[in-house]
Amino acid sequence: MVDSTSPVTPPVSHSNSSRNRSWWGWGTADKALPDTECTALGGLVPGSAATPLPVPDISALELPKVRIEPPSALAPLMSAAPRDRASHTYGKAYRDVVRALNGDLSAAPDQVAHPRTEQDVIDVLDWAADADVAVVPYGAGSSVVGGVEYRADRHRGVVSLDLSSLGRVLEIDPVSRAARIQAGALGPDLEAQLRPHGLTLRHFPQSFEFSTLGGWLATRAGGHYATLYTHIDDLVESLRVVTPVGVNESLRLPGSGAGPSPDRMFLGSEGTLGVITEAWMRLQDRPRHKTSATVPFSDVHAAMNAVRAIAQSGLHPANCRLLDPGEATLAGVARDGESVLVLGVESAHSPVGERLAELVTLARDHGGSPAPAATDAEDSAAGTWRSAFLRMPYLRDALARMSVITETFETACTWDRAPGLYESVRRDLGDVVREVTGAAGTINCRFTHVYPDGPAPYFTVIAPGRRGEEVAMWDEIKSAAMRILTDHGATVTHHHAVGRDHRPGYDRQRPEPFAHALRAVKQSLDPAGILNPGVLFDPAVAG
């Protein structure tokens with residue numbers, strides 16, 4: 001029997017709302033780099049623009065005419081205010097930021113809906129299906145793959161369905177160690193409601209502050225932790241999803257062999273099959289013991305072998321991030337030409353020093369030169385890396401303002417293919433970058449997650465762009481990257497989802513019988529074709 005007598009924390013205000021979310025770029029406006037710092041940063045990339053693109057004033061933006069008006073019963077939930085429409089037009093990919101900076105908001109939704117209850121979600125979908133209005137579910141807008149942008153032209157209008165008002169932890173089961181949580185809960189607010197109970201979801205993607213539980217589930221997000229429970233999939237006990245034909249709620253179970261999983265059908269569906277409104281999520285006790293270490297390597301391939309040994313050791317470090325020489329230099333944690341392995345161990349129950357020592361020994365056995373362990377992560381090289389990691393999206397925006405092309409893409413492959421993939425991306429994509437931009441550019445890599453059978457490499461591309469041509473240049477580089485990944489048998493995305501930007505690669509990756517079945521599911525659950533058209537498959541072939 002579920003013990004739900006544990007009091008649940010009252011709803012909290014969104015942790016970032018008072019700090020003025022940026023409508024055009026990452027995070028909050030107060031953390032964006034000022035013009036002088038943008039110029040200085042651009043100066044580090046030869047060939048960048050001389051001055052930063054200005055940030056447009058919303059009051060001066062030309063938004064498309066509103067084409068639809070909601071019925072009176074839904075009007076209190078809807079907004080056509082310029083800031084609402086502008087901030088819900090795009091996600092936060094490079095091409096999104098550049099278009100917003102250029103004042104191109106041609107894809108702006110007609111209305112932004114703010115449902116307060118699940119019934120509001122049902123009512124919006126019912127109206128939209130009858131009125132031929134597309135509905136794009138929206139968590140907090142941190143998509144970097146075009147997941148929240150309407151790019152079709154076959155509907156009378158578009159509504160962005162912002163679920164941020166559904167942000168409560170509704171129920172906690174301390175016996176089973178699980179919680180029922182609304183999909184609109186932002187990462188910090190979710191954790192704030194669990195903290196008084198000594199519990200944590202322990203899912204911390206880089207977008208943690210600016211993303212929601214529903215967004216994590218809909219995109220199969222990967223968290224910060226490098227081993228064991230890496231994806232949000234691992235933490236799901238049950239989902240509740242509103243579809244245009246009814247509400248789908250799965251049974252709470254620790255595991256089941258009863259046919260295909262109803263939850264798996266919606267995990268990663270990116271709002272194209274239904275709107276996730278609630279989930280029962282598996283929780284963990286909050287960790288009390290933590291320690292970390294960094295291990296430099298003179299040879300990146302020796303470092304890869306060390307990471308493989310660690311991933312196959314069963315020691316399950318919380319952090320096992322390998323930074324290649326370029327990435328380590330960019331993060332400020334390496335000497336000349338070194339790769340750096342960042343290790344971290346934590347536990348809610350017992351000291352972790354011995355486990356870290358075993359991991360460090362494995363790294364040393366493969367040619368690493370361990371730095372001293374640090375009990376205070378903020379005073380260590382690992383802490384330096386973490387600060388750079390969280391700051392990086394703001395630096396990306398600053399570079400975008402200087403017309404510097406910055407692209408990141410992540411993948412996963414088996415260990416036998418990893419060295420070849422790493423070299424091929426650096427060589428072959430490097431040739432494409434040189435051809436597109438006229439400059440050598442920089443291509444760095446880090447391993448963000450590691451499994452016994454393979455790593456998840458995450459690549460960063462930096463090169464000067466030509467003002468006014470940034471999006472087209474980015475598109476060419478992106479397409480080439482997906483082709484290279486496919487050629488090497490690697491996935492087109494490990495944790496950023498498919499959206500619209502990864503569609504060409506996803507179309508090549510998925511088996512055709514599965515694609516046929518997925519289209520049939522779409523037709524069954526969304527017969528009017530209103531939910532996030534263009535994600536996973538083209539609207540024209542949904543049926």
Side-chain angles (χ1 to χ4, degrees), residues 40-41 43-46 206 224-227 290-311 317-345 356-357 359-396 398-399 404 406-410 418-419 421-423 425-427 429-430 440-450 455-463:
L41 187 63
L44 301 177
V45 183
Q206 187 177 30
H224 168 78
Y225 296 101
T227 68
K290 297 181 182 181
T291 187
S292 64
T294 54
V295 185
F297 287 80
S298 59
D299 179 79
V300 68
H301 291 288
M304 290 184 190
N305 288 333
V307 173
R308 176 170 59 85
I310 289 170
N319 200 2
C320 185
R321 301 236 172 180
L322 175 60
L323 315 181
D324 80 351
E327 191 76 9
T329 299
L330 190 65
V333 298
R335 299 186 291 270
D336 292 341
E338 289 180 325
S339 299
V340 173
L341 174 59
V342 181
L343 292 169
V345 188
L356 181 66
L359 293 165
V360 168
T361 297
L362 280 173
R364 182 187 292 112
D365 290 345
H366 287 80
S369 303
T375 55
D376 184 350
E378 299 304 320
D379 293 334
S380 66
T384 301
W385 164 80
R386 181 178 182 276
S387 297
F389 174 73
L390 295 175
R391 184 64 172 156
M392 188 56 67
Y394 293 100
L395 299 179
R396 189 282 309 265
L399 289 170
V404 174
T406 58
E407 161 60 352
T408 61
F409 59 95
E410 25 65 63
L421 175 66
Y422 173 75
E423 297 296 344
V425 169
R426 288 172 51 80
R427 179 186 65 248
L429 189 60
T442 298
I443 301 179
N444 298 332
C445 179
R446 65 181 183 265
F447 288 0
T448 60
H449 303 76
V450 293
Y458 189 117
F459 293 93
T460 299
V461 180
I462 303 173

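Contact of the V345 side chain with the K290 side chain is not registered, since no non-hydrogen atoms from C-beta on lie closer than 4.5 Å. Put simply, the side chain of C320 reaches to within 4.5 Å of the side chain of V307, judged on heavy atoms. In this structure the side chain of R446 never reaches within 4.5 angstrom of the side chain of D324, judged on heavy atoms. Put simply, the side chain of L343 does not reach to within 4.5 Å of the side chain of T294, judged on heavy atoms. Residues T408 and V461 form no side-chain contact, since every pair of their non-hydrogen atoms from C-beta on lies 4.5 Å or further apart. V300 is listed as a side-chain neighbour of Y422, based on a closest heavy-atom distance under 4.5 Å. Annotation: side chain of V342 is not in contact with side chain of S292 (no heavy-atom distance under 4.5 Å). Taking 4.5 Å as the limit, some side-chain heavy atom of I443 sits within range of a side-chain heavy atom of V425.
Residues L399 and T406 approach most closely at CD1-CG2, 3.5 Å, considering heavy atoms. The shortest heavy-atom contact between P457 and L421 is CG-CD2, 4.4 Å. Nearest approach of G326 to N444, heavy atoms of both residues: CA-OD1, 3.2 Å. When all heavy atoms of A328 and V340 are compared, the pair lying nearest together is CB-CG2, 4.0 Å. Residues H366 and A302 come closest through the heavy atom pair O-CB, 3.6 Å. The shortest heavy-atom contact between P455 and A418 is CG-CB, 3.8 Å.
Between the OG atom in S339 and the CG atom in D299 there is a gap of 7.5 Å [rounded to 0.5 Å]. Taking CG from L330 and CG from L323, the interatomic distance works out to 9.5 Å, rounded to the nearest 0.5 Å. Put simply, CG on N305 and CG on L362 are 12.0 Å apart, with the number rounded to the nearest 0.5 Å. Rounded to the nearest 0.5 angstrom, R396 CZ and I462 CD1 are separated by 11.5 Å. From R321, atom CZ reaches atom OH of Y225 across 10.5 Å, with rounding to the nearest 0.5 Å.
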Assess whether side chain to side chain contact (heavy atoms under 4.5 Å, CB included) is satisfied between E407 and T460, documenting all intermediate values.
CA-CA 6 Å; E407 161 60 352; T460 299; over 6 Å; no

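For the side chain to side chain contact (heavy atoms under 4.5 Å, CB included) test, no residue two or more places apart in sequence or in another chain qualifies with T329. Judged as a side chain to side chain donor-acceptor pair (under 3.5 Å), and not counting sequence neighbours, Q206 has no contacts. Residues that satisfy the side chain to side chain contact (heavy atoms under 4.5 Å, CB included) test with A456, not counting sequence neighbours, are A412, T448, H449, H494. Under the salt bridge (Lys or Arg N to Asp or Glu O under 4.0 Å) criterion, E410 pairs with no residue at all, not counting sequence neighbours. In this structure, the side chain to side chain contact (heavy atoms under 4.5 Å, CB included) partners of A311, at least two apart in sequence or on a different chain, are W415, V450. For S369, the side chain to side chain contact (heavy atoms under 4.5 Å, CB included) criterion is met by no residue, not counting sequence neighbours.
Ring orientation note: the planes of F409 and F459 are close to parallel, at an angle under 30° on the 30°/60° scale.
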